Amino acid sequence: MNSAYEPSPDSVEVKTCCSTLYQSDIVRFLLGDSFHPGGIQLTEHLGTLLQLAQGQRMLDIASGQGKSAIALAQRFGCQVQGIEYGAQAVQRATEAAAEAGVAHLVTFQQGDAERLPVAAETFDVVICECAFCTFTDKSTAASEMWRVLKSGGRVGLSDLTRLGDVPEELQSFLAWIACLADAQPVDNYTSYLTQAGLAVDLIEEHNEALYEMVQQIRGKLLGAELLVRLKKLDLPASLDFTQAKSLARAALTAIQMGRFGYIVMSAHKAT
Ligand SMILES: C[S@@+](CC[C@H](N)C(=O)[O-])C[C@H]1O[C@@H](n2cnc3c(N)ncnc32)[C@H](O)[C@@H]1O
């Protein structure tokens, strides 16, 4: 982590809590290793949109368990660096890259999206999947994307969107961490990127991928609750099934009503 950077205590708490949750066994049980709607299929689609190719350098901001970084290196032969706030996630991702035989192409490092520990104008492509909405200072994060991109370099962002206000039942701290509470209207994502000096080229809706993911989570929650009751599954006592199920239910309704969605967008750093 960049030691010169001292974010406000509030933002440290949110970042630490967010990365701790995403490193936990329960989230891995519910989501697998790919923590975004559409999974690796949507990641590879993003790679195609961004014209990733062999020899290019790509940065994955908030790389989580490293699944996307590894898949893109395997599919396109690009060199990938992942930056992730959670130290444990960085360690797991590094081990996964070695197991997948791509350690020569993919590396991971601990760091903050709002203060990327990399030099300016280093990357041909930057991606950030399902994480921008959790960043506490989105303008700074967008400026950091611009700074580390080479001139003409491309950004691929995929994230949760909202239409109108966030329903009250989706305003809890858990909802924030689950990327729901601070999901942005599509226009806001465009503004963050544009104000940072990035020109938006394309926006695609993938709302169905979000619906499918929340439905899968809900199914797993119901199954897990039953297994815990039957004493056939041991999960941390910290998981509040009632709260988690009601969050999933409220999210599904909101997605069906068009209040939440998922987008993929691409932009470039103007020369
Ligand atoms: C929903 S997960 C997405 C992970 C990964 N991009 C994926 O799609 O599998 C959000 C990730 O953002 C990370 N994160 C949140 N705030 C961050 C920050 N300020 N800097 C770096 N990573 C951050 C969390 O630790 C978590 O791993």
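One-based numbering, in listed order, for ligands and for the atoms of each. When reading the values below, keep in mind they use all heavy atoms of this one structure, side chains included, and skip hydrogens, waters and symmetry mates. Not measured: the values here are computed from a predicted model.
Of the possible polar contacts, one joining the Lys138 side chain to the Cys133 backbone as a donor-acceptor pair under 3.5 Å is found. Under the 3.5 Å distance criterion, the side-chain polar atoms of Arg259 are matched with a main-chain donor or acceptor of Asp165. Without hydrogens or angle criteria, Glu114 side chain to Thr136 main chain gives a donor-acceptor distance under 3.5 Å.
The N/O atoms of Glu114, backbone and side chain alike, include none that comes under 3.5 Å of an N/O atom in ligand 1. Checked by distance only, ligand 1 and Ile61 stay at 3.5 Å or farther apart across all their nitrogen or oxygen atoms. Ligand 1 has no N or O atom lying under 3.5 Å from any N or O atom of Asp60, backbone or side chain. Considering backbone and side-chain atoms together, Glu129 places an N or O closer than 3.5 Å to an N or O of ligand 1. Note: an N/O pair closer than 3.5 Å links Phe35 and ligand 1 by distance alone. Checked by distance only, ligand 1 and His36 come closer than 3.5 Å through their nitrogen or oxygen atoms.
Within the structure, ring-ring contact (aromatic ring centres under 6.0 Å, His included) pairs that include any residue of residues 206-231 comprise His45-His206 (at least two apart or interchain). Pairs of residues two or more places apart, or lying in two chains, never qualify as ring-ring contact (aromatic ring centres under 6.0 Å, His included) while including a residue from residues 91-123.
Considering all non-hydrogen atoms of both residues, Met265 and Leu46 come closest at O-CD1, 4.4 Å. In plain terms, the two heavy atoms of Ala100 and Ile70 that are nearest each other are CB-CG2, 3.8 Å.
Contact between Ser158 and ligand 1 is absent, with no heavy atom of the residue lying under 4.0 Å from the ligand. Heavy-atom distances between Lys67 and ligand 1 stay at or above 4.0 Å for every pair.
Heavy-atom proximity to Asp112, at under 4.0 Å, picks out these atoms of ligand 1: 18 (C), 19 (N), 20 (N). Of all the atoms in ligand 1, the ones that sit under 4.0 Å from a non-hydrogen atom of Gly111 are 20 (N), 21 (C). Per-residue contacts place Thr134 under 4.0 angstrom from the following atoms of ligand 1 (heavy atoms of the residue considered): 15 (C), 16 (N).
For atom 14 (N) of ligand 1, the nearest non-hydrogen atom from the set Ala62, Gly86, Ala69, Ser63 comes from Ala62. Between Gly82, Cys130, Gly64, it is Cys130 that holds the heavy atom closest to atom 10 (C) of ligand 1.
Under the 4.0 Å criterion applied to side-chain N and carboxylate O atoms, Arg57 and Asp124 are not assigned as salt-bridge partners. Electrostatic pairing of Glu144 and Arg147 counts as a salt bridge here, judged by a charged N lying under 4.0 Å from a carboxylate O.
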